[in-house]
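Encoded as structure tokens, the structure appears first; notes follow it.
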Amino acid sequence: MTNPAVSDLITRSNRLGADPKNTNYAGGNTSAKGTETDPVTGEPVELLWVKGSGGDLGTLKESGLAVLRLDRMRALVNVYPGVEREDEMVAAFDYCLHGKGGAAPSIDTAMHGLVDAAHVDHLHPDSGIAIATAADGEELTAKAFGEKVVWVPWRRPGFQLGLDIADIKSKNPQAIGCILGGHGITAWGDTSEEAEQNSLWIIETAAAYIAANGKADPFGGVRAGFEALPDAERRAKAAALAPTVRGLASTDKPMVGHFTDADVVLDFLASEKAPALAELGTSCPDHFLRTKVKPLILDLPASASVEDSIARLQELHEAYRADYQAYYDAHATADSPAIRGADPLIVLIPGVGMFSYGANKQTARVAGEFYVNAINVMRGAEALSTYSPISDAEKFRIEYWALEEAKLQRMPKPKTHQGRIALVTGAASGIGKAIAVRLAAEGACVVIADLDLEKAQAAAAELGNTDVAIGVAANVADADAIQAAFDAGVLAFGGVDLVVNNAGLSLSKPLLETTEKDWDLQHDVMAKGSFLVSKAAAKILIEQKLGGDVIYISSKNSVFAGPNNIAYSATKADQAHQVRLLAVELGEHGVRVNGINPDGVVRGSGIFASGWGANRAATYGIKEEDLGQYYANRTILKREVVPENVADAVYVLTGPELTRTTGLHIPVDSGVAAAFLR
């Protein structure tokens, strides 16, 4: 049975974490103290339940809590070696754990255990951090909250900060919490409800004080020419810039991107103070750990051409990398972890919006959300005073903290396709859907492109949320529709790395019954369609400078001469030779082009379900329901081919094992000797 204190803690945490005004994603931590029976002694034992390292308040479950014996945790005070060695105390938390399982204790555990209150909240609200990062934050704290909230000068999270806050609570019995300089807030209460109400009171009081006393134009006036572009023009420019920006942000390692053109971003970028404030960087540790110490901001007006913007971004990126290297060199010691990359995680384009980057889509999206938090913080601090974040030296102590490095090293090994963005045509069903499912399972972000938008979106929803997949409409015979699909993909995920030409259809007719319309339809969809898709993809792949893969789902019929199949087989042969031609042409850009020749994929196939199966069954003189087994029986292996077999081939061709392979066709047909490649 769940302890009542834990139930209250989970409920409170989920409520606080569900509202972004209270804290950012995975930011802050909460705790509760209570009593349980020790199964060893049968005696009551006081315990501390605290959100573990890396969890999110909004979705916190009991399994995400670290559980410690309170007597042992508080006894650590007696062996504390001082602030110079406080990092050693994190390892000591392991000797205070109660029971088995649970999450790893976070660096903030001391704050929760040492503060003499049954319930403690540590949060990162924009309104609270605005006061925490104001140049006169201590004075503003007294004005806004009176004696109910106490100012705590900046100190890196850890055991000493826990001791400091515990001492403040002891010496200020009237206080309900603290403003932590440069960082956030902490509040407490005797009950879970009281702690929550105290947290909310601090957050709401800070917001109300800023609203009542802040300047109307904290970011100054509007810079002429830097205002937001009209919607359609803005997103078109974003899509045109996205591949280049992603390539720059992926110089050290491949990144997935996220784009937002929210008003809060566009208004900030249009303001007079934006360049100077962006240069100061973020302050709250949760912010700059996700966004790097500062963003890259384009210094051209919104009207600048795409070509001029790209040229300037390349210059600014080179300068950014040099500046970040200088930051690392200035503060690193012999014990510091190696530099983790000098590329920006936030790229700001006036008039257009913000690109944010991370190892996966969720990380990229959250980085953008954190920079929006930072904008809100800067607005509040500038409204009341002057924004004054913690120093670069202190930022470095957090960013390259040995404890932060250990946390990164504990992260699970990435899947083979993590960081890769795939666009699969005809992916709402059959082979295309199986490919999309497999690539998503291997960590890729997937754009499901299909003639039927509703089905594409439904297939994407089956894979997960929009951090995993999106569905877009794509008539592959229409160049404008293809471009729109790619634009949607690059705005969703930053770019594209892997394109699968799978869309197809077939009409089974002998030569004399095949009409010109039949011929044109099949060639438009598969030969012309593959050409148009590959052309649109190649432009992005070349601009990104990250290499990539183009896969053609051709057919055994591209080399096998079967009856009643002139239009379909001819267009598949066209696709097969496109593979060879593009492998040669795109190789200099690191783009591999390969093909797969399936046969007899009846189950789940949209082509077979649309009449092709009935026609082929009639051609062979069998029942349609026996067609799959008929195809299997005529193969060398006597095994039916299903969509997942084709998806396996795509996985292998685009994975880490065949990085030196291009221009290859892989048969997935259970062995058809007449279709052997020579």
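Here the structure is a predicted model, which is why all the values come from computation and not from measurement.
- Note: Glu588 CD to Ile542 CD1 = 7.5 Å, rounded to the nearest 0.5 Å.
- The CD atom of Glu513 sits 13.5 Å away from the CD1 atom of Ile566 when rounded to the nearest 0.5 Å.
- The backbone N or O of Gly358 lies less than 3.5 Å from no partner atom in the side chain of Thr363, so there is not a single donor-acceptor pair.
- Within the 3.5 Å criterion, the main-chain N or O of Ala456 finds no donor-acceptor partner in the side chain of Asp450.
- A salt bridge links Arg234 with Asp231: at least one charged nitrogen is closer than 4.0 Å to a carboxylate oxygen.
- The minimum heavy-atom distance linking Val468 with Ala440 is given by the pair CG1-CB, 4.1 Å.
- Counting heavy-atom neighbours within 6.0 Å of Glu454 CD, excluding the residue itself, gives a total of 12 or less.
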Test salt bridge (Lys or Arg N to Asp or Glu O under 4.0 Å) on Glu462 and Lys433 and set out the steps.
-> CA-CA 10 Å; Glu462 290 179 29; Lys433 185 175 182 180; 3.0 Å; yes
Can Arg438 and Asp648 be said to form a side chain to side chain contact (heavy atoms under 4.5 Å, CB included), step by step?
-> CA-CA 7 Å; Arg438 180 63 190 272; Asp648 291 342; 2.4 Å; yes
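- Between Asn597 and Lys572 there is no side-chain heavy-atom pair separated by less than 4.5 Å.
- Expressed to the nearest 0.5 Å, how far CG of Asn465 lies from CD1 of Ile470 amounts to 12.0 Å.
- To the nearest 0.5 angstrom, Ile622 atom CD1 is 10.0 Å from Gln629 atom CD.
- Side chains of Asp518 and Gln522: a donor-acceptor N/O pair is absent below 3.5 angstrom, by distance only.
- Between Phe355 and Phe259, the two ring planes are tilted [angle within 30° to 60°].
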Side chain to side chain contact (heavy atoms under 4.5 Å, CB included) evaluation trace for Ile666 with Leu664 | CA-CA 6 Å; Ile666 294 182; Leu664 174 70; 3.7 Å; yes
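- The line from CD1 of Ile297 to CG of Leu313 is 11.0 Å long, rounded to the nearest 0.5 Å.
- A salt bridge links Arg365 with Asp467: at least one charged nitrogen is closer than 4.0 Å to a carboxylate oxygen.
- When side chains are defined from C-beta on, Arg592 does not count as touching Leu653, because their heavy atoms never get closer than 4.5 Å.
- When every heavy atom of Thr466 is checked against every heavy atom of Phe493, the shortest pair comes out as O-CE2, 3.5 Å.
- The salt bridge (charged side-chain N to carboxylate O under 4.0 Å, His left out) check on Lys539 picks up Glu543, with sequence neighbours excluded.
- Arg420 contributes a side-chain N or O that, together with a main-chain N or O of Thr654, makes up a donor-acceptor pair within less than 3.5 Å.
- Side-chain atoms of Thr571 come within 3.5 Å of backbone N or O of Ala527 as a donor-acceptor pair.
- The heavy-atom pair separating Gly432 from Val424 by the smallest distance is O-CG1, 3.8 Å.
- In this structure, Leu627 and Tyr631 have side chains that are in contact, with non-hydrogen atoms separated by less than 4.5 Å.
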Kindly indicate, with the supporting measurements, whether the criterion side chain to side chain contact (heavy atoms under 4.5 Å, CB included) is fulfilled by Phe370 and Thr282.
-> CA-CA 9 Å; Phe370 274 61; Thr282 53; over 6 Å; no
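- Asn373 and Glu369 share no side-chain donor-acceptor pair at under 3.5 Å.
- Using a cutoff of 4.0 Å between basic side-chain nitrogens and carboxylate oxygens, Asp599 and Arg634 are scored as salt-bridged.
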Steps toward side chain to side chain contact (heavy atoms under 4.5 Å, CB included) verdict (Val265, Leu269) | CA-CA 6 Å; Val265 174; Leu269 293 178; 3.9 Å; yes
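- Looking at Val550 and Asn501, their side chains come closer than 4.5 Å, going by heavy atoms from C-beta outward.
- Between the side chain of His665 and the main chain of Ala576, a donor-acceptor pair closer than 3.5 Å is present.
- Remark: side-chain polar atoms of Asn645 are paired, donor with acceptor, to backbone N or O of Val642 under 3.5 angstrom.
- Annotation: Arg639, atom CZ; neighbour count of heavy atoms from other residues, nucleotides and ligands within 6.0 Å does not exceed 12.
- Here the side chains of Tyr552 and Ser530 are in contact, with some heavy-atom distance below 4.5 Å.
- Other residues, nucleotides and ligands place no more than 12 heavy atoms under 6.0 Å from the CD atom of Glu516.
- Side-chain contact between Val352 and Leu229 is present, with at least one heavy-atom pair separated by less than 4.5 Å.
- Distance CG/Leu57 to CG/Asp19: 12.0 Å, rounded to 0.5 Å.
- Contact of the Ile551 side chain with the Ile596 side chain is registered, since non-hydrogen atoms from C-beta on lie closer than 4.5 Å.
- Counting only distance, with no hydrogens or angles, the side chain of Lys415 and the backbone of Ala441 share a donor-acceptor pair below 3.5 Å.
- At distances below 3.5 Å, at least one donor-acceptor pair connects side-chain atoms of Ser250 with backbone N or O atoms of Met255.
- Residue Ala538 comes nearest to Leu586 through the heavy atom pair CB-CD2, 4.1 Å, listed as atom of the first residue, atom of the second, then distance.
- Across every non-hydrogen atom of Ala473 and Ala485, the tightest pair is O-CB, 3.9 Å.
- Closest approach of Gly419 and Asp497 over heavy atoms only: O-OD2, 3.6 Å.
- Salt-bridge formation is not detected for the pair Asp669/Lys556: no Lys NZ or Arg NE/NH1/NH2 atom is positioned less than 4.0 Å from an Asp or Glu carboxylate oxygen.
- Looking at Glu442 and Tyr651, their side chains come closer than 4.5 Å, going by heavy atoms from C-beta outward.
- No donor-acceptor pair under 3.5 Å is formed between the side chain of Ser534 and the backbone N or O of Phe531.
- Judged by distance alone, with hydrogens and angles left aside, the side-chain atoms of Lys545 form no donor-acceptor pair with the main-chain N or O of Leu248 at under 3.5 Å.
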